[in-house]
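Here is the structure we will look at, set down as structure tokens.
Just so you know, ligand 1 is whichever comes first in the structure, and atom 1 is the first atom listed for that ligand.
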Amino acid sequence: MELEFKLFQKEKKKNIESIDQELLNFCIKFNEDHTLYCSEKEEAYTFMKVLTSSVYGMHKFKTVNYNRYIENNLLNWYFSITSSDKGNFNNGINLLYYLFLNIQVKNKGFNERRDLLLQEALDFILSENKNLFELEQINEVDSKDLTFYINNKINAVVDFSFFPISDFKEEFIFIRIVQVGEVCFKLINSKIKKIISDINNDIYNKQYLKEIIFLTDVLHISARILKTMSPDHFLEFRALTLNASAIQSYIYQEMDILMLGMNPLKIPFYEKIPELKKLCEIYDTTTVNLKSLVKNDKILDESFCSMLGEFNKKMLKWKAIHIGLAMSYIPKKAEGTGTKEGIDYLSKVLKDSIFE
Ligand code: HEM
């Protein structure tokens, strides 16, 4: 196992054409031959499986989608060990911190404003979560062996959940910030599920809302960091990302449904995108969501309701910042990546709010 792991540690390569044949063969074998490694420890096997599946997926489908691009398998693997609610949130915050720290380490001196904003993000996370961290610098991958990654899942995700498809420097920050977004969406999503089921039992857990509000602040600051990328730099690698679009994020779309209900405008996308098809089986227009709970006067705690209002406002603000990003980085009249309408699509979903 160690020998094979070293093989994977070779610097991760760009697109499918340039991946070493040796590495590619290893990933194919690992992904297709389920019996080959069953004698290995379960944990190590699962780790190697998620680690190689990105390369394998690109080989198989010859295309990049959102989930392969941001290595969603690794994020899922990282979160899968956490069963308790508290662990999930703490793990998520640690990961957010490490992702920002990783951008800071790799970008130092490249852009002065970015340096300042990254420090602001790190300070913000620490000030809100004082006792969470055992800080350590992120070291280079080479010094670590497989056991290290199995035992330190956070480093595994930060070191490997990045599969660049170009040599352009700014692709790094782009993927990392999108990963930060996915982690926030994951955590917000799990809290909303709990809030909805609690309200059914007349329980109003303000701690969940406090955490959700903190996560929307992380979304805002990460968008400000991304904004330090110049539009020219974005266009350098955009075409290479093929059809990868965050519209394909299952976790975001599920969060959207639980906040606002099933949007008929989105159903055609859910049906078309393989990763999202399941949403149409699980949810429909009658699904209970935060908006329907407010509308039907089911939220009886006033201060809880006002915190929900704050979350709603911050989420609307994130959507406005995001559409601003799309307008600054995508040339006028150009199509989106996941939709032909691009910015028009975003304008249509922009104002959807928990409070009408
Ligand atoms: C340069 C930066 C960005 C640009 C130009 C951009 C552009 C777009 C566009 C045009 C869409 C519409 C769907 C499509 O045609 O692909 C979209 C959707 C989306 N983007 Fe971005 N985006 C950027 C950054 C981000 C970041 C950093 C995140 C995550 C934090 C994000 C999350 C999303 C989500 C979740 C959707 C789906 C929205 C929905 O279906 O309601 N985007 N983006």
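- Rounding to the nearest 0.5 Å gives a distance of 8.0 Å between CG of D217 and NZ of K317.
- At a 4.0 Å cut-off, at least one heavy atom of Q253 sits close enough to ligand 1 to count as contact.
- Interface of S245 with ligand 1, defined as ligand atoms under 4.0 Å from a residue heavy atom, comprises 13 (C), 14 (C), 16 (O).
- Ring centroids of Y78 and F47 are separated by 6.0 Å or more, keeping the two rings apart.
- Comparing P231, S249, A246, S328 against atom 36 (C) of ligand 1, the shortest heavy-atom distance belongs to A246.
- Within the structure, ligand 1 has I330 among the residues with a heavy atom less than 4.0 angstrom away.
- The side chain to side chain donor-acceptor pair (under 3.5 Å) test with T228 is passed by exactly one of R113, R114, H233: R114.
- Ring pair F174/Y69 is tilted by interplanar angle, where 30° to 60° counts as tilted.
- Distances below 4.0 Å separate heavy atoms of V349 from the following atoms of ligand 1: 41 (O).
- Around atom 38 (C) of ligand 1, the closest heavy atom drawn from Y252, F174, W318, F185 belongs to Y252.
- Under the rule for a ring-ring contact (aromatic ring centres under 6.0 Å, His included), Y250 has no partner lying at least two apart in sequence or in another chain.
- D284 and T286 share a donor-acceptor pair across their side chains, judged by distance under 3.5 Å alone.
- Close approach of ligand 1 to G181 (heavy-atom distance below 4.0 Å) involves ligand atoms 30 (C).
- Within the structure, the salt bridge (Lys or Arg N to Asp or Glu O under 4.0 Å) test picks out the following pairs touching residues 289-301 (sequence neighbours left out): K206-D301, K291-E356.
- Considering backbone and side-chain N/O of Y329, none are found under 3.5 Å from N/O of ligand 1.
- The aromatic rings of W318 and Y252 sit tilted relative to each other, their planes meeting at an angle between 30° and 60°.
- Taking each of H322, H233, K266 in turn, the one with a heavy atom nearest to atom 17 (C) of ligand 1 proves to be H322.
- At a heavy-atom cutoff of 4.0 Å, ligand 1 is contacted by the side chain of L346 but not by its backbone.
- Each of the following atoms of ligand 1 lies closer than 4.0 Å to a heavy atom of A326: 5 (C), 7 (C).
- Listed by number with element, the atoms of ligand 1 under 4.0 Å from a non-hydrogen atom of L226 are 2 (C), 27 (C).
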